[in-house]
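Since the structure comes first, as structure tokens, the remarks are kept for the end.
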Amino acid sequence: MTTAAESATSLVQSVDWLAIAPPLTAAAVALVVLVADLFVTEARKPLLGYGAVAGLVAALALIVPLHAGDRSTFCLTTGSRACSYTADHFTLVIQALVLGGALLTALLSIGDTRKLPAGEFWFLLLSSAAGAALLPASRDLATLVVALEVASLPAFALVGIKRGDRRSSEAALKFFLSSVVATAVMLLGVSFVYAATGTLHLTDLAGRLGHVDPALSTLAGAGVALTLVGFAFKTAAAPFHFWVPDTYVGAPLPIAAYLSVVGKAVGFSGLILVTVVAFPAYAEVWGPALAVLAALTMTVGNVAALRQSASRARSAVRLLAWSSVAQAGYLLVPVAAAAYAGERRIGSTVAYALMYAVVNLGAFAVAALVARTRPGNRLDDYRGLYATRPLAALALAFFLLCLAGLPPGIIGLFAKVTVFSAAVDAGLGWLAVVMAVNVVVALYYYLQWTAALFRGPSEEEAEPAVRHRTPAPLTAAIVLTAVAGIVLSGAPQTVLRFAAVNLF
């Protein structure tokens, strides 16, 4: 017979500090930066930005020792031995994506935070990155929701951090209200699932949801549906996308870039975990629902992008916002396909997300460069960009062609092929047709913007804009994304191989 002391000892867990090192490092550096801000003079505030960059580089480097993808911690010591934190291949790839996206956002932000409270800005960015890195490793619903909110709450403040800016405050309010509603709906769904199954661990849920007491089956089904609706808000899937354009336009440009990539990665990684890992027993429910959402999202995003006026203030950012909604539709396709063809299809979503992250951050980096001389950031402001900034124009043209899936952006084409193949292999022929039509529609606004880069300036803009010295970190961000896109386009078969890998 075991004694009370032995029973207590069996509940004590050892912590795998290396497994949790990437998000823990980002969180620790966030605290260091916040405290350092109290003692750093105004002239030395830029050092905080470089400290944040160093912290994100360190967090990325700590992913390398975990490459085997077989570490777990915070595990139950009795029963199923389910774990709350798992550093598998899916976790490591998404952590590399979100921390890399945060790093590029930091590079875009250095030099553009002069009018912002530097300490608070870097603390909030690093805190959000820590939550984003924690989420893909979460393997119970409680940790998942906490990680999601740690990633989201600092983002509200970052969107509205421009003090005295009405547009920024309005954007933060819309973002906050929509996210709060999503969280409330999600928590209600999680509570229903817990009431029906008695567990929060994803692997245990997968088994128990298939054998729920008939008296609780309606409660379990409602919980699954509400949880998925909450994540639909987080992924900006239509019709839950209404907050995206105004939030992107009102936020500082680097934060808009952050939300378009890291925010989207957070939402999709959470959606993948709850559908593929926790709720496979309800695949016949969430599979068709996500397929319909994918078709609706890509169509709404592309149609709205087509309607953007080139002369409207901030139309370039607004077009990128609607483009990100359309891209969310493409990202949903393999998740829906996983309900019919198994979790192996998830590799297509992750491969597409990696391509999208690189080129979309590159496009925002060039937009940040143009905004330094033309704060209106209209699409018309990019007309004739090749004549004044040829390298920036070529880089933006390459990023737009990658998003469109046209040469020389071969990586964009191959990424779309993997998503298209996932739909066809899963028997979703109608969704593949909708996607093909949307890809053709998107060609119009991507090519229109690309062509404008090489046209002569209009008569009203014949006077050249005043040139300013480009900050080295901003140049580095453009160069890094361009080089990554070119390397990937030089070996496009990599994305096909990656899409076929089982990440779980």
Side-chain angles (χ1 to χ4, degrees), residues 23 74 76 82-86 94 98 127-128 130-157 159 172-206 208-209 212-213 216-244 247 259 262-282 285-286 289-290 293 328 332 335:
F74 301 113
L76 297 178
C83 298
S84 294
Y85 187 103
T86 298
I94 299 298
V98 298
S127 299
S128 180
L134 172 62
L135 190 138
S138 304
R139 292 299 184 272
D140 70 66
L141 291 177
T143 307
L144 191 67
V145 172
V146 169
L148 189 62
E149 291 311 298
V150 172
S152 300
L153 289 173
F156 305 151
V159 170
L173 181 61
K174 287 183 178 179
F175 185 25
F176 172 75
L177 292 177
S178 63
S179 189
V180 165
V181 171
T183 301
V185 171
M186 189 187 310
L187 286 173
L188 183 61
V190 168
S191 66
F192 285 175
V193 170
Y194 178 71
T197 62
T199 184
L200 291 174
H201 287 88
L202 304 187
T203 51
D204 288 349
L205 282 171
R208 296 191 191 184
L209 280 173
V212 174
D213 186 321
L216 299 174
S217 60
T218 301
L219 184 68
V224 169
L226 290 173
T227 303
L228 294 179
V229 168
F231 276 104
F233 272 97
K234 299 295 185 180
T235 57
F240 311 110
H241 65 288
F242 53 85
W243 57 272
V244 172
T247 298
L259 293 175
V262 178
K264 200 173 296 299
V266 166
F268 273 96
S269 56
L271 180 65
I272 289 169
L273 289 173
V274 296
T275 53
V276 174
V277 179
F279 301 156
Y282 282 81
V285 175
W286 56 258
L290 291 182
L293 281 179
L332 279 170
V335 185

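One-based numbering along the sequence shown. The figures that follow rest on heavy atoms only: side chains count, while hydrogens, waters and symmetry mates do not.
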message = Quick check for you: to the nearest 0.5 Å, what is the distance between Phe74 atom CZ and Thr86 atom OG1?
response = 11.5 Å
query = Of all residues at least two apart in sequence or in a different chain, which pass the side-chain hydrogen bond (donor to acceptor under 3.5 Å, both in side chains) check with Tyr282?
reply = none
task = List for me each residue that meets side-chain hydrogen bond (donor to acceptor under 3.5 Å, both in side chains) alongside Thr235, sequence neighbours excluded, and say none if there are none.
result = none
request  = Can you sort out the partners of Thr247 under side-chain hydrogen bond (donor to acceptor under 3.5 Å, both in side chains), two or more places apart, ordered by chain and number?
outcome  = none
task = Please step through side chain to side chain contact (heavy atoms under 4.5 Å, CB included) for the pair Thr203 and Arg139, ending with a clear verdict.
result = CA-CA 8 Å; Thr203 51; Arg139 292 299 184 272; 5.8 Å; no
note = Between Gly189 and Thr227 the two heavy atoms that sit nearest each other are C-OG1, 3.4 Å
query = Do the side chain of Trp286 and the main chain of Leu228 share a donor and acceptor less than 3.5 angstrom apart?
reply = no
ask   = Nearest heavy-atom pair of Ala278 and Pro280: which atoms, and what distance?
value = C-CD, 3.1 Å
remark   = CZ (Phe231) and CG (Leu290) are apart, to the nearest 0.5 Å, by 12.0 Å
query = If you round to the nearest 0.5 Å, how far is CZ of Phe156 from CG of Leu173?
reply = 11.0 Å
message = With rounding to the nearest 0.5 angstrom, report the CG to CZ distance, Leu135 to Phe268.
response = 13.5 Å
ask   = So do the side chains of Leu226 and Val193 get within less than 4.5 Å of each other, counting heavy atoms only?
value = no
request  = Determine whether more than 12 heavy atoms belonging to other residues, nucleotides or ligands lie under 6.0 Å from atom CZ of Phe176.
outcome  = no
task = Taking all non-hydrogen atoms of both residues into account, name the closest pair between Pro23 and Ala133 and its distance.
result = CB-CB, 4.0 Å
task = Indicate yes or no: at least one non-hydrogen side-chain atom of Phe240 is less than 4.5 angstrom from one of Val229.
result = yes
Partner residues of Lys264 under the salt bridge (charged side-chain N to carboxylate O under 4.0 Å, His left out) criterion, sequence neighbours left out = none
query = Can you list the steps and then say if Asp204 with Thr197 is a side chain to side chain contact (heavy atoms under 4.5 Å, CB included)?
reply = CA-CA 9 Å; Asp204 288 349; Thr197 62; over 6 Å; no
ask   = Do you know the tightest heavy-atom contact between Ser84 and Asp140?
value = OG-OD2, 2.6 Å
inquiry  = Between Thr275 (side chain only) and Ile272 (backbone N and O only), is there a donor and an acceptor less than 3.5 Å apart?
reply    = yes
ask   = In chain order, what residues pass the side chain to side chain contact (heavy atoms under 4.5 Å, CB included) check against Ser138, with sequence neighbours excluded?
value = Leu134, Thr143, Leu144, Ala147
key: Side chains of Val159 and Leu259 in contact at under 4.5 Å (non-hydrogen atoms)   = yes
task = For residues Ala142 and Leu200, report the shortest heavy-atom separation together with the two atoms involved.
result = CB-CD1, 4.0 Å
ask   = Under 4.5 Å between any side-chain heavy atoms of Leu141 and Leu205, yes or no?
value = yes
inquiry  = Return the CG to OG distance between Leu219 and Ser191, rounded to the nearest 0.5 Å.
reply    = 8.0 Å
message = So, taking the atom named CG in Leu216 and the one named CG in Leu209, what distance separates them when rounded to the nearest 0.5 Å?
response = 11.0 Å
ask   = What pair of heavy atoms forms the shortest contact from Ser152 to Lys234, and how long is it?
value = OG-NZ, 3.7 Å
query = What pairs with His241 under side-chain hydrogen bond (donor to acceptor under 3.5 Å, both in side chains), at least two apart in sequence or on another chain?
reply = none
query = Any side-chain heavy atom of Val146 sitting closer than 4.5 Å to one from Val150?
reply = yes
ask   = In terms of ring plane angle, is the pair Phe175 and Trp243 parallel, tilted or perpendicular, where the classes change at 30° and 60°?
value = parallel
